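This report refers to the structure that appears directly beneath it.
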Amino acid sequence: MKNRIIIFSNIKGGVGKTTLCALFANRLIEHGVPTIVIDADLQASLYRHRQREKNAAPGTQIPWNVEMLDTSDRDRLVQVVEKMKEVPGIVLIDCPGNLNDRNLAYIYKSADTAIIPISFDADTVDATGIFVKALKSVSSANLIFIPNRINTAERKAEEIRQREQTIGYLGLVGTVTPVVKQSVAVKRYSTLYPLEKSQTEILEPAFNKIIGELDLKK
């Protein structure tokens with residue numbers, strides 16, 4: 001399979017990039033797609049999540065590997081990213097939620113696709129616009145926006161108008177997936193076990209859109 005480097009990133013915290021990265025890795029494995037995950041976030045939330053699950057169930061088969069990447073060491077970063085490009089499959093990178101680390105530009109430049117979780121509140125929309133501008137200045141990655149943790153019960157006319165306006169704007173620079181509704185089931189992710197039925201039902205429209213955009217048959 002052709003190598004693809006896919007980053008999950010946004011400078012706005014709380015949009016669920018780590019959770020979606022892990023859930024998407026599980027979905028790719030279900031499709032038989034070779035996948036590894038790189039935790040490049042200083043908090044190492046995903047890597048630590050995997051370690052806790054392994055300690056709780058040491059005999060469980062590992063579906064995909066998780067490796068940590070220290071972005072402060074540029075020489076090491078460059079070496080690791082170059083090796084990523086040789087992986088016969090998908091490399092998912094959970095990126096830090098900031099633009100202060102200049103070394104991240106090398107990851108952005110190497111990415112084929114950027115998956116950008118968003119919500120529709122004004123602060124997140126503004127932060128996402130800043131991030132997209134910075135990303136596009138160093139990267140030619142295809143942009144996929146995934147509206148996440150969305151309260152679909154909100155039906156106020158002004159909220160609906162703002163959502164449609166935001167989706168229209170983002171659609172000018174990338175692809176916007178169907179929304180992932182707010183759900184406890186989605187927040188309860190695992191790095192060892194397959195997606196639960198309830199998770200699949202919520203995530204399938206958005207993830208199928210992403211998989212279609214990636215055209216994994218190539």
Side-chain angles (χ1 to χ4, degrees), residues 4-73 76-77 79-81 83-84 87-98 100-101 103-104 107 111 113-119 124 144 146-151 177 180-204 206-207 210-211:
R4 288 179 177 84
I5 295 178
I6 302 171
I7 63 173
F8 279 76
S9 192
N10 199 336
I11 59 172
K12 184 67 171 68
V15 291
K17 62 182 182 60
T18 297
T19 300
L20 288 175
C21 182
L23 292 167
F24 190 58
N26 286 334
R27 188 61 170 162
L28 289 174
I29 291 297
E30 290 177 358
H31 279 259
V33 179
T35 304
I36 67 169
V37 177
I38 305 296
D39 190 342
D41 196 332
L42 182 62
Q43 299 178 68
S45 298
L46 200 154
Y47 181 83
R48 289 187 289 106
H49 193 109
R50 163 60 64 79
Q51 296 308 306
R52 287 194 297 270
E53 288 193 295
K54 283 177 60 179
N55 291 338
T60 304
Q61 183 176 356
I62 296 174
W64 38 271
N65 289 331
V66 182
E67 304 291 342
M68 287 185 63
L69 176 60
D70 182 0
T71 60
S72 66
D73 185 341
R76 175 61 177 164
L77 171 66
Q79 290 179 353
V80 171
V81 172
K83 287 183 179 179
M84 289 181 199
V87 172
I90 301 295
V91 179
L92 303 179
I93 306 177
D94 183 21
C95 290
N98 65 69
N100 297 326
D101 187 346
N103 290 338
L104 285 175
I107 293 179
T113 300
I115 297 178
I116 306 171
I118 63 166
S119 59
T124 301
I144 300 178
I146 178 167
N148 186 40
R149 298 176 177 171
I150 305 302
N151 184 354
T177 75
V180 175
K181 70 178 182 180
Q182 192 173 46
S183 169
V184 174
V186 172
K187 289 183 179 180
R188 189 180 60 246
Y189 76 93
S190 172
T191 69
L192 287 182
Y193 304 110
L195 297 178
E196 299 171 5
K197 182 180 179 181
S198 59
Q199 292 174 325
T200 299
E201 291 175 349
I202 295 169
L203 294 164
E204 193 168 37
F207 280 2
I210 295 173
I211 290 171

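Keep in mind that what you see is a predicted model, and the values were worked out from it rather than measured.
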Residues at least two apart in sequence or cross-chain that pass side chain to side chain donor-acceptor pair (under 3.5 Å) with R188, listed by chain then number, are E196

Enclosure of R52 CZ (heavy-atom neighbours >12, cutoff 6.0 Å): yes

Is the shortest side-chain heavy-atom distance between V15 and N148 below 4.5 Å? no

Those residues at least two apart in sequence (or on a different chain) that pass side chain to side chain donor-acceptor pair (under 3.5 Å) with R50 are T191

Indicate yes or no: at least one non-hydrogen side-chain atom of T177 is less than 4.5 angstrom from one of F207. no

Reference residue T71; test side-chain contact (heavy atoms from CB on, under 4.5 Å); the match among L42, L104, V80: L104

Does some side-chain heavy atom of S119 sit less than 4.5 Å from a side-chain heavy atom of T124? yes

Run the side chain to side chain donor-acceptor pair (under 3.5 Å) test against D73 and tell me which residues pass, sequence neighbours left out. none

Shortest non-hydrogen contact between V37 and A25, atoms and distance: CG2-CB, 3.8 Å

For a quick test of reading the model, state the closest non-hydrogen atom pair linking I150 to I118 and the distance between them. CD1-O, 4.3 Å

For S9 against C95, the heavy-atom pair lying closest together: OG-CB, 3.6 Å

For residues 56-65, tabulate all N or O donor-acceptor pairs below 3.5 Å that involve a side-chain atom, not counting sequence neighbours.
{"residue": "T60", "atom": "OG1", "partner": "A57", "partner atom": "O", "Å": "3.2"}
{"residue": "T60", "atom": "OG1", "partner": "Y193", "partner atom": "OH", "Å": "3.4"}
{"residue": "W64", "atom": "NE1", "partner": "N26", "partner atom": "OD1", "Å": "2.8"}

Would a 4.5 Å heavy-atom cut-off, applied to side chains only, mark I107 and L69 as touching? yes

Return each pair, listed once, that meets salt bridge (Lys or Arg N to Asp or Glu O under 4.0 Å) where at least one residue sits in residues 10-23; pairs must be two or more places apart or across chains. K17-D41, K17-D94

Quick one: side chain to side chain donor-acceptor pair (under 3.5 Å) partners of E30, sequence neighbours excluded? R27

State which residues pass salt bridge (charged side-chain N to carboxylate O under 4.0 Å, His left out) with D39; sequence neighbours excluded, sorted by chain then number. none

Those residues at least two apart in sequence (or on a different chain) that pass ring-ring contact (aromatic ring centres under 6.0 Å, His included) with Y189 are H49

Could you give the distance from CG (L203) to CG (L23), rounded to the nearest 0.5 Å? 5.5 Å

Tell me every residue that passes ring-ring contact (aromatic ring centres under 6.0 Å, His included) with F8, counting only those two or more places apart in sequence or in another chain. none

Name all residues meeting the side-chain contact (heavy atoms from CB on, under 4.5 Å) criterion together with V33; count only those two or more places apart in sequence or in a different chain, and write none if there are none. M1, L28, H31, T35, I90, L216

Could you check whether any side-chain heavy atom of L20 comes within less than 4.5 Å of a side-chain heavy atom of I115, counting everything from C-beta outward? no

Heavy-atom closest pair, residues C21 and L92: O-CD1, 3.8 Å

I need the F24 CZ to I211 CD1 distance, nearest 0.5 Å. 5.0 Å

Evaluate the side-chain contact (heavy atoms from CB on, under 4.5 Å) criterion for residues I202 and V180: first the C-alpha distance (whole Å), next the side-chain angles of each, then the deciding distance (0.1 Å), finally the verdict. CA-CA 6 Å; I202 295 169; V180 175; 3.9 Å; yes

Output for pair (I38 CD1, I6 CD1), nearest 0.5 Å, gives 13.0 Å

Quick one: does any side-chain atom of Q199 pair with a main-chain N or O of A185 as donor and acceptor, under 3.5 Å? yes

Distance col, row E67:CD vs I36:CD1, nearest 0.5 angstrom, shows 7.0 Å

